[in-house]
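Written below as structure tokens is the structure these notes are about.
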Amino acid sequence: MTALLDRWLGFADRLSHYAIWAGGTLILASAFLVSVDVVLRKLLLVSLGGADELSGYAFAIGTTWALAFTLLRRANVRVDALYIHLPQAFCAILDILALIAFGGFLALLTWQAWDVLDTSLAFQARATTPLATPLWIPQSLWLIGLVFFLFTILPLLLRSLFALLGGDLVKVRSLAGARTIEEDAADEAAHTATIKPQD
């Protein structure tokens with residue numbers, strides 16, 4: 001069972017790389033569009049129109065598409081002033097409870113997002129803007145990111161539970177625990193080592 005979950009997590013990790021690149025590209029494209037719009041307004045007193053609307057969609061979509069990658073890298077911000085002083089076993093339980101709470105919240109959000117999309121499709125809703133964007137388009141892309149997050153957190157939660165039941169607290173921490181200063185420093189050192197010095 002753990003081998004299956006590890007393969008599932010490996011597949012989700014590979015997909016998350018594509019998702020974060022796609023989401024980042026959307027946000028960069030929207031930033032470029034807004035920048036061009038600002039320059040045109042300043043110099044030529046004209047506007048492209050809809051740049052603010054499209055950037056809002058891009059931010060929402062890019063954010064949800066990055067959730068799985070952030071989860072797998074344990075890159076979400078945590079307040080760990082007390083956490084780092086607790087016994088390792090208690091920390092492992094807290095890590096799993098945090099995953100359950102996070103997954104439950106995102107499951108509820110995903111269900112509501114589907115309800116919103118279903119309503120937009122039923123009424124063929126469009127944005128009340130000059131672009132009149134069919135709302136199902138950005139809502140569908142937003143929902144995909146939420147569904148992918150649930151696809152990722154499920155095997156992560158199950159794998160962490162198996163590790164906890166097996167007494168492997170180190171594995172629980174590596175999967176779901178808060179990152180330590182040492183881990184961050186090691187990652188930075190590894191990243192720095194890959195950068196070739198300029199001639």
Neighbour count >12 (heavy atoms, 6.0 Å) for atom CZ, Phe59: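 No, not enclosed.
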Drop me the distance from [X]'s [atom1] to [Y]'s [atom2], to the nearest 0.5 angstrom.
X      : Y      : atom1 : atom2 : value
Phe102 : Leu157 : CZ    : CG    : 12.5 Å
Asp13  : Leu156 : CG    : CG    : 11.0 Å
Thr70  : Arg73  : OG1   : CZ    : 9.5 Å
Ile27  : Thr63  : CD1   : OG1   : 5.5 Å
Gln139 : Thr133 : CD    : OG1   : 11.0 Å
Leu135 : Phe123 : CG    : CZ    : 13.0 Å

Do [X] and [Y] belong together in a cluster built from hydrophobic side chains that touch within less than 4.5 Å?
X      : Y      : value
Tyr18  : Trp21  : no
Ile144 : Val116 : no
Leu72  : Leu150 : yes
Phe162 : Ile93  : no
Ile100 : Phe105 : yes

Derivation and outcome, side chain to side chain contact (heavy atoms under 4.5 Å, CB included), residues Leu146 and Leu67: CA-CA 8 Å; Leu146 294 172; Leu67 287 174; 4.2 Å; yes
Is the shortest heavy-atom distance from the side chain of [X] to the side chain of [Y] under 4.5 Å?
X      : Y      : answer
Val170 : Gln88  : yes
Leu71  : Leu99  : yes
Arg7   : Leu4   : yes
Val34  : Asp52  : no
Leu109 : Leu106 : yes
Tyr57  : Leu54  : yes
Leu121 : Leu117 : yes
Asp95  : Tyr83  : yes

Atom of [X], atom of [Y] and distance for their closest heavy-atom approach:
X      : Y      : value
Ser55  : Ser30  : CA-CB, 3.6 Å
Ile20  : Ala66  : CG1-CB, 4.2 Å
Leu175 : Ser160 : CB-OG, 3.6 Å
Thr110 : Val147 : CG2-CG2, 4.0 Å
Phe90  : Leu86  : CD2-CD1, 3.7 Å
Leu143 : Trp114 : CD2-CE3, 3.7 Å

Looking only at atom types and distance, does a side-chain atom of [X] sit under 3.5 Å from a main-chain N or O of [Y], one as donor and one as acceptor?
X     : Y      : answer
Trp65 : Leu141 : yes
Arg74 : Ser174 : yes
Thr64 : Trp142 : yes

Just say parallel, tilted or perpendicular for the rings of Phe69 and His17, cut-offs at 30° and 60°. perpendicular
In plain terms, say whether Asp6 and Arg159 are close enough for a salt bridge, that is, a side-chain N and a carboxylate O under 4.0 Å apart.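 Yes.
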Close aromatic pair by centroid cut-off 6.0 Å: Phe151 and Trp8: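 Ring centres of Trp8 and Phe151 closer than 6.0 Å.
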Walk me through it: do Asp37 and Ser47 pass the test side chain to side chain donor-acceptor pair (under 3.5 Å)? CA-CA 6 Å; Asp37 191 48; Ser47 173; 2.9 Å; yes
